[in-house]
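Note sheet for the following structure.
Chain naming here is simple, since letters A, B, ... match the order of the sequence lines and numbering starts at 1 in each.
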Protein chains: 2
Amino acid sequence: MSTRDTGTEQLIKDTAKHLFFAEGKLHATTQEIADAAGVNRTLVNYYFRSRDILFDQVFNEAQEGFVCTLDEVFDSKMPFKEKIRNLISVFIKETAKYPFRQLFIITEMNRNELINAKKSRTKKVKAFMEEIQIEMDKGLVKKMDPRQFMLNLFSLMAHPFLTAPLHKAIFGMNDEEYAILMEDRKQLIYETIFP
Amino acid sequence: MSTRDTGTEQLIKDTAKHLFFAEGKLHATTQEIADAAGVNRTLVNYYFRSRDILFDQVFNEAQEGFVCTLDEVFDSKMPFKEKIRNLISVFIKETAKYPFRQLFIITEMNRNELINAKKSRTKKVKAFMEEIQIEMDKGLVKKMDPRQFMLNLFSLMAHPFLTAPLHKAIFGMNDEEYAILMEDRKQLIYETIFP
DNA sequence: CTTTTGTTTAACAATTTTGTCAAACTCAAA
DNA sequence: TTTGAGTTTGACAAAATTGTTAAACAAAAG
């Protein structure tokens with residue numbers, strides 16, 4: 001079966017991705033996805049058999065893409081503080097592009113109980129936590145459970161994006177103003193993590 | 001219409017609340033809600049006319065309940081640092097009870113575009129931010145945009161609960177272990193906010 | 001005890017969303 | 001140009017979810 005590659009399959013996937021992660025429409029219907037992509041709804045079934053399969057594919061690709069991006073940072077051999085600064089920068093850039101990807105992953109993890117307790121990930125996390133521990137031993141980072149350090153770091157980076165609509169309303173800010181606030185956070189998070 | 005009050009209406013509402021906020025089943029069906037409550041599905045329509053109305057009621061009550069709890073803390077006249085310590089304690093206790101309430105509110109805010117830009121809330125937030133500003137002027141808190149201070153505070157408190165399933169998997173922890181980690185956070189957040 | 005009123009139930013109807021299929025279509029190869 | 005494989009479409013079927021109604025039921029009032 002040699003495909004003629006009209007780009008439709010990818011278009012559907014990209015559109016779904018955009019609806020889910022950029023617009024936050026986590027429960028978009030096949031009809032809504034098809035409309036947004038400007039194609040016939042049946043094509044969703046033609047290319048992906050079922051909505052669930054499309055769902056899973058988009059979900060996994062999104063998760064893997066994000067994880068890979070972070071891995072590049074984790075695996076790099078730069079000094080700890082630089083690594084963190086880099087992580088913050090990459091994380092916030094990625095999250096600004098797809099603000100709802102996090103929310104999506106969280107919600108799904110919750111529905112599916114346990115999906116991936118991938119060993120490889122556990123290994124990398126452990127390596128990073130040991131790295132944190134070393135910095136603490138050297139007295140360069142406030143001593144605490146390394147897991148708390150990670151929770152702090154990711155909380156400070158991710159949560160303001162998850163709650164963007166809420167905080168825009170509370171603070172009375174528009175999109176641009178909030179984007180600036182997020183940009184300013186890069187430095188602020190760094191300073192909060194390393195006082 | 002004098003009700004006979006069999007407790008069914010409240011039971012349905014409580015069950016929905018539990019499914020939504022404690023179990024994270026944000027899209028529980030009327031059938032699922034009825035089953036969990038051990039009542040006939042039709043009763044959902046009898047008491048609430050439609051699923052949407054039940055939905056809205058539970059949502060609003062949850063939101064108001066949470067907001068009121070926090071208001072008690074905000075309105076109290078204790079010294080700033082004590083107020084923050086109290087806020088952390090209350091916030092974490094409430095969130096531990098209904099871990100997914102936040103997620104729910106966020107998701108809904110997102111669907112409904114703008115629901116409440118309540119003036120009253122804005123006023124209280126402003127008052128609190130001025131309070132923060134004063135502390136900064138006194139040099140008791142690291143100087144920054146007060147909104148960033150609030151983002152930091154709420155991120156550190158809320159996010160580890162939102163991402164609990166994720167982090168339990170990553171860290172290889174069970175529920176109790178994670179609960180302990182959350183309990184330890186109270187002090188840690190305080191120290192992170194006030195280095 | 002009978003009536004009344006509010007509650008519960010099962011059967012049914014309507015709606016929404018998803019999946020299937022055959023026919024129409026398109027483009028490249030024969 | 002004709003053939004053929006992949007693509008697109010509309011009509012239809014199936015499934016899932018929600019809403020309605022009439023009748024059965026239970027408890028308080030008369």
Side-chain angles (χ1 to χ4, degrees), chain A residues 1-21 23-62 100 103-104 107-108 110-113, chain B residues 1-21 23-62 100 103-104 107-108 110-113:
Chain A
M1 157 188 162
S2 68
T3 73
R4 203 175 286 154
D5 191 18
T6 54
T8 307
E9 180 169 0
Q10 193 59 40
L11 173 64
I12 292 172
K13 219 149 57 175
D14 288 344
T15 306
K17 206 185 229 177
H18 185 263
L19 280 179
F20 293 152
F21 306 142
E23 294 190 25
K25 308 282 179 189
L26 264 65
H27 286 82
T29 295
T30 53
Q31 187 66 65
E32 292 174 308
I33 297 169
D35 286 350
V39 303
N40 191 290
R41 181 183 64 82
T42 325
L43 290 178
V44 174
N45 290 303
Y46 177 68
Y47 284 109
F48 302 94
R49 293 187 52 104
S50 78
R51 186 192 184 284
D52 281 349
I53 294 175
L54 166 62
F55 197 84
D56 288 350
Q57 266 191 38
V58 171
F59 176 73
N60 285 328
E61 285 182 18
F100 301 99
L103 193 58
F104 191 85
T107 310
E108 274 316 291
N110 201 344
R111 255 180 16 98
N112 279 22
E113 290 299 325
Chain B
M1 157 185 162
S2 67
T3 73
R4 206 176 282 160
D5 191 18
T6 53
T8 306
E9 180 169 3
Q10 192 59 41
L11 173 64
I12 291 172
K13 217 148 57 175
D14 288 345
T15 306
K17 205 183 230 178
H18 185 264
L19 279 179
F20 293 152
F21 306 143
E23 293 190 25
K25 308 282 179 190
L26 264 65
H27 288 82
T29 295
T30 52
Q31 186 66 65
E32 291 174 311
I33 297 169
D35 287 349
V39 304
N40 191 290
R41 181 181 64 81
T42 326
L43 290 178
V44 174
N45 291 301
Y46 176 71
Y47 284 109
F48 302 94
R49 294 186 52 99
S50 77
R51 187 193 182 283
D52 281 349
I53 294 175
L54 166 62
F55 198 84
D56 288 351
Q57 267 191 37
V58 171
F59 176 72
N60 286 327
E61 283 181 20
F100 300 100
L103 194 58
F104 191 84
T107 310
E108 275 316 290
N110 202 344
R111 257 181 15 100
N112 280 21
E113 290 298 322

Candidate nucleotides dT20(D), dT7(D), dT8(C), ranked by approach to the side chain of T6(A) - the nearest: dT7(D)

Report which part of the nucleic acid T42(A) touches: base, sugar-phosphate, or nothing (heavy-atom distance under 4.0 Å, all strands). base

How far does CD of E32(B) sit from NZ of K25(B), to the nearest 0.5 angstrom? 8.0 Å

From the options dT9(D), dT18(D), dT20(C), select the nucleotide whose nearest atom is closest to the side chain of N45(A). dT20(C)

Side chain of L43(A): nearest nucleotide among dT9(D), dT8(C), dG19(D)? dT9(D)

Whether the side chain of R41(A) and the base of dG19(C) hold a donor-acceptor pair under 3.5 Å is what I'd like checked. yes

Using a 4.0 Å heavy-atom cut-off across all strands, classify D52(B) as base, sugar-phosphate, or nothing. nothing

Base, sugar-phosphate, or nothing: which does Y47(B) touch, judged by heavy atoms less than 4.0 Å apart? sugar-phosphate

Counting N and O atoms only, with roles assigned by atom type, does the side chain of S50(B) sit under 3.5 Å from a partner on the main chain of I53(B), one being a donor and the other an acceptor? yes

Earlier contact from the 5' end, DNA chain C, for S50(A) and G38(B): G38(B)

Nucleotide nearest N40(A) (side chain, heavy atoms from C-beta), chosen from dT18(C), dA10(C), dG10(D): dG10(D)

Between dA10(C) atom C1' and Q31(B) atom CD, what is the distance in whole Å? 12 Å

